[in-house]
Amino acid sequence: MRLRHKPWADEFINSHPEIVIPNPEELKGNWESEFKNDYPLHIEVGTGKGQFITGMAKQNPDINYIGIELYDSVIVSAVENAIAAGSPSNLRLLKVNGADLEKYFEKNDVDRVYLNFSDPWPKIRHAKRRLTHEGFLKLYESILVDNAEIHFKTDNRGLFEYSLISMSAYGMLIKDVSLDLHANMPEDNIMTEYEEKFSAKGQPIYRVEAKFV
């Protein structure tokens, strides 16, 4: 996906430190001080334009949410979504690389990880970049509470099959698998922008819940 440069994005992002935390490394191990409560913390790695994480925050006020996105031109839309939703007090964004999670979270900081429509990196030589690769699973486990879950959605069957194998090989418990989520969609399902786009074209949406054990 080619990203359109937005020269105003950086200034806009910096003008909303109440949404995009400027120095998240300072909160490592102490996220309760940011949210002013001890609610569970769920993060989305690769939050994109923020439709999912904002919707989740509005739907579940007793859970704290953090959306992680690296690119200015994308996260700026997530900021706009958050503002349009009334800037939920249980929602924050981080403009950081998802590969650096251990800089911002320590063991037991996070209760759940969401991965939605991640880049499939289809070439074999790029497998380590897939967010469900063993290296990333190890990274998530290092910041999650014990027995925590990953919830993963994608339209890419190849990536989905790879992810099931990767999670199983890592020793995770595959709890819930859907090969066509929208055929019997749960009432509480929050769609991402990509999910709306692909499902409107009739493409099946794949979903799995996997638990670290």
Side-chain angles (χ1 to χ4, degrees), residues 1 3-119 129 131 135-145 148-152 190 192-194:
M1 179 182 68
L3 301 178
R4 181 179 299 175
H5 178 60
K6 299 177 181 178
W8 51 271
D10 188 59
E11 182 178 355
F12 181 78
I13 292 166
N14 292 336
S15 68
H16 290 283
E18 77 286 0
I19 300 174
V20 185
I21 299 175
N23 298 299
E25 65 278 0
E26 296 177 0
L27 292 167
K28 180 177 179 179
N30 190 30
W31 284 98
E32 294 88 348
S33 67
E34 172 65 26
F35 289 101
K36 305 298 189 295
N37 60 57
D38 59 355
Y39 294 160
L41 176 59
H42 294 184
I43 69 173
E44 181 187 21
V45 182
T47 204
K49 296 180 179 180
Q51 179 170 302
F52 173 82
I53 202 73
T54 301
M56 291 295 285
K58 291 183 65 180
Q59 181 176 274
N60 304 290
D62 56 349
I63 298 175
N64 297 323
Y65 291 90
I66 294 178
I68 295 168
E69 178 60 51
L70 178 60
Y71 300 104
D72 287 1
S73 56
V74 180
I75 198 173
V76 68
S77 296
V79 178
E80 292 174 328
N81 264 329
I83 293 171
S87 299
S89 62
N90 61 330
L91 173 63
R92 300 291 187 277
L93 302 172
L94 303 186
K95 191 176 77 67
V96 301
N97 192 327
D100 296 329
L101 293 178
E102 288 182 317
K103 293 182 179 179
Y104 314 106
F105 305 99
E106 63 182 32
K107 180 64 176 174
N108 297 322
D109 270 353
V110 180
D111 294 85
R112 181 175 296 168
V113 170
Y114 294 99
L115 305 173
N116 293 314
F117 298 85
S118 311
D119 193 325
R129 299 183 183 183
L131 294 186
F136 276 99
L137 297 180
K138 183 177 181 180
L139 177 62
Y140 307 143
E141 188 176 26
S142 73
I143 64 172
L144 283 162
V145 299
E149 296 178 356
I150 292 176
H151 290 192
F152 174 62
I190 301 293
T192 75
E193 295 87 355
Y194 281 118

Quick check: are there more than 12 heavy atoms from other residues, nucleotides or ligands sitting under 6.0 Å from NZ of Lys107? yes
Can you tell me how far apart CE (Met56) and CG (Asn90) are? Round to the nearest 0.5 Å. 10.5 Å
Value rounded to 0.5 Å, distance of CG in Asn116 from OG in Ser118: 7.0 Å
Ser142 OG to Asn108 CG distance, which is reported to the nearest 0.5 Å: 10.5 Å
Between the side chain of Asn81 and the main-chain N/O of Lys49, is any donor-acceptor distance below 3.5 Å? yes
Would you indicate whether the side-chain heavy atoms of Leu115 and Tyr140 approach each other to under 4.5 Å? yes
Under 3.5 Å, is there a donor-acceptor pair between the side chain of Lys95 and the main chain of Ile68? no
Result for side-chain contact (heavy atoms from CB on, under 4.5 Å) between Leu94 and one of Thr47, Ile66, Val20 points to Ile66
Looking at Lys28 and Asp109, does any basic side-chain N land under 4.0 Å from a carboxylate oxygen? no
Who pairs with Asn60 by side-chain hydrogen bond (donor to acceptor under 3.5 Å, both in side chains), at least two apart in sequence or on another chain? Tyr65
Just wondering, do Tyr104 and Val96 contact through their side chains at under 4.5 Å, heavy atoms? yes
Smallest separation among heavy atoms of Phe105 and Ile143, with atom names: O-CG2, 3.5 Å
Return the minimal non-hydrogen interatomic distance between Ala85 and Lys58, and the atom names on each side. CB-CD, 3.7 Å
Quick one: closest heavy-atom pair of Gly98 and Leu139, and the distance? O-CD2, 3.6 Å
Determine whether Arg92 and Glu34 make a side-chain contact, defined as any pair of heavy atoms from C-beta on separated by less than 4.5 Å. yes
So do Val79 and Phe12 actually touch side chain to side chain, heavy atoms under 4.5 Å? yes
Run the salt bridge (Lys or Arg N to Asp or Glu O under 4.0 Å) check on Glu149 and Arg112 step by step: do they pass? CA-CA 5 Å; Glu149 296 178 356; Arg112 181 175 296 168; 3.7 Å; yes
For Ile53, does its backbone N or O pair with a side-chain atom of Tyr114 as donor and acceptor, under 3.5 Å? no
Of Val113, Asp111, Leu41, the residue whose pairing with Leu144 passes side-chain contact (heavy atoms from CB on, under 4.5 Å): Val113
Nearest 0.5 Å please: distance from the CD1 atom of Ile13 over to the CD atom of Glu80. 9.5 Å
Rounded to the nearest 0.5 angstrom, the CG-NE2 distance for Leu93 and His16 is 11.0 Å
Can you give me the closest heavy-atom contact between Glu69 and Gly48, atom names plus distance? OE1-N, 2.9 Å
If you define the side chain from C-beta out and look only at heavy atoms, does anything of Phe136 sit under 4.5 Å from Val45? no
When rounded to the nearest 0.5 Å, the distance separating CD of Glu18 from CG of Leu91 is 10.5 Å
Report yes or no: does Ser33 contribute a side-chain atom to a donor-acceptor pair with the main-chain N or O of Asn30 at less than 3.5 Å? yes
Can you name the nearest heavy-atom pair linking Ala82 to Pro88, along with the distance? O-CD, 3.7 Å
Do Gln59 and Ile190 have side chains that get closer than 4.5 Å, going by heavy atoms? yes
